[in-house]
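Take a look at the structure below.
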Amino acid sequence: MVTQQVVAPPARAGMFLVLTVDDGSEDVVRDLLGDLSDLVKAVSFRNTRDDLNLVVGIGADVWGRLFGELPRPRQLHPFEALEGPRHVAPATPGDLLLHLRARSMDQCFELARQVAKRLEGHAVVVDETHGFKYFDERDLLGFVDGTASPRGADGDAVVLIGDEDPAYARGSYVVVQKYLHDLAAWDAISVEEQERVIGRTKLDDIELPDSVKPSNSHVVVNTIVDEEGVEHDIVRDNLPFGEIGAGEYGTYFIGYAADVGIIELMLRRMFIGEPPGNTDRILDFSTAVTGSLFFVPSLAFLDDPPDPVDATPAPTAPVSPAPSAGSGDLGIGSLRRSPGATPS
């Protein structure tokens with residue numbers, strides 16, 4: 001396999017770790033990246049039936065620190081915060097994303113623990129969320145989540161970078177957001193009204209007819225169709241999370257795509273509205289508290305991360321003195337194109 005396993009069956013358990021890397025710890029992180037495949041094998045070997053899977057993302061702010069002047073993937077940039085008329089999508093720090101999935105939490109936890117041991121004193125976990133399968137793939141709002149997310153070969157076609165950025169082919173992009181739900185307000189409205197918020201029936205997960213489905217329903221807002229009538233998908237692998245004692249209930253959104261612009265358009269439609277003001281009704285009950293964007297490199301890149309590229313220009317050769325008149329030497333020498341600046 002030359003790709004990280006972005007597209008996978010829905011997990012029964014998952015962990016999402018977002019970390020920032022300390023200055024001066026770049027060598028440690030590169031060494032860890034190259035060892036992650038072996039760590040996954042070591043942990044998963046104890047119970048191969050649990051299908052332990054790890055996907056790693058790298059943020060824009062740490063890219064230059066890890067790889068010097070190596071050109072960035074074309075669409076890698078910091079997450080852009082959105083401030084709409086009623087709702088805000090914040091941008092929060094994140095240099096590394098670890099997306100862990102398995103049939104049971106023990107393997108996710110053990111792999112995360114081994115990674116944390118390697119990064120102790122070198123990185124800080126700024127967000128840690130433990131997700132779980134909730135009944136028949138439902139979120140804590142009671143609706144099936146991820147119905148339209150493509151799987152298998154269709155999913156790969158959606159998430160894997162191709163010829164548009166050949167240096168990073170078989171990689172992907174991922175956006176993560178942590179949403180907290182106001183379940184008291186949600187439970188106070190009728191099931192019929194909840195269905196109009198989402199755009200699907202609650203019990204049997206059937207999309208509402210266009211004549212009934214509001215333009216600000218979650219389904220409509222997140223359906224992206226271009227001018228030629230082609231619908232553009234992303235792969236979601238959301239999981240619910242919660243703490244009873246803290247009264248905290250939410251959904252961890254994680255979306256993968258070869259073109260991160262599709263996810264960003266969905267978020268603009270949710271928080272700003274199209275037309276402006278027609279924001280996603282689900283945001284009346286769900287508040288985004290984090291937001292980060294990462295590049296997901298190919299497995300080949302991850303297993304053998306490149307050393308930092310030095311863009312310092314080579315010393316210029318001394319200029320030969322101009323030929324004296326009548327010497328017969330035209331002084332042409334060899335013509336060389338001076339190296340241009342490497343794009344970031």
Enclosure of Glu248 CD (heavy-atom neighbours >12, cutoff 6.0 Å): yes
Test side chain to side chain contact (heavy atoms under 4.5 Å, CB included) applied to Arg138 and Asp136, step by step: CA-CA 6 Å; Arg138 294 181 185 267; Asp136 48 341; 2.7 Å; yes
Nearest heavy atoms of Lys133 and Leu239, plus distance in Å: N-CD2, 4.3 Å
Inter-residue atom distance Leu39.CG - Leu32.CG, 0.5 Å rounding: 6.5 Å
Considering all heavy atoms, the nearest Ala13-Ser104 contact: CB-C, 3.7 Å
NZ/NE/NH1/NH2 to OD/OE distance under 4.0 Å, Glu110 and Arg113: yes
Contact summary for Arg269 and Thr223, nearest pair of heavy atoms: NH2-O, 3.6 Å
Closest heavy-atom pair and its distance - Phe132, Phe241: CE2-CA, 3.6 Å
Aromatic plane relationship, Phe271 with His87 - under 30° parallel, 30 to 60° tilted, over 60° perpendicular: perpendicular
Contact check, side chains of Asp237 and Val235, non-hydrogen atoms, under 4.5 Å: no
Val219 vs Arg200 side-chain heavy atoms within contact, under 4.5 Å: yes
Backbone N/O of Asn47 and side chain of Gln107: donor-acceptor pair under 3.5 Å: yes
Validation row: Met266, His232 side chains within 4.5 angstrom (heavy atoms): no
CZ (Arg12) with more than 12 external heavy atoms under 6.0 Å: no
Any donor-acceptor N or O pair under 3.5 Å, side chains Asp139, Thr251: no
For Ala91 against Ala81, the heavy-atom pair lying closest together: N-CB, 3.8 Å
Gly24 backbone acceptor or donor facing Glu26 side chain under 3.5 Å: yes
Val18 side chain near Thr290 side chain, heavy-atom distance below 4.5 Å: no
Value rounded to 0.5 Å, distance of CG in Leu96 from CG in Leu98: 6.5 Å
Exam field: side chain Arg281 to backbone Pro214, donor-acceptor pair closer than 3.5 Å: no
Plane angle bin for Phe295 and Phe301 - parallel if under 30°, tilted between 30 and 60°, otherwise perpendicular: perpendicular
Donor-acceptor contact below 3.5 Å, side chain Asp95 vs main chain Val21: yes
Value rounded to 0.5 Å, distance of CD in Gln194 from CG in Leu141: 7.5 Å
Pair His122-Asp22, side-chain hydrogen bond (donor to acceptor under 3.5 Å, both in side chains): steps then yes or no: CA-CA 5 Å; His122 299 284; Asp22 296 345; 6.0 Å; no
Nearest heavy-atom neighbours spanning Phe253 and Arg236: CE1-CG, 4.1 Å
Test log, rule side-chain hydrogen bond (donor to acceptor under 3.5 Å, both in side chains), inputs Gln4 and His99: CA-CA 11 Å; Gln4 295 196 66; His99 178 197; over 6 Å; no
Any Ile161 side-chain heavy atom under 4.5 Å of Gln75 side chain: no
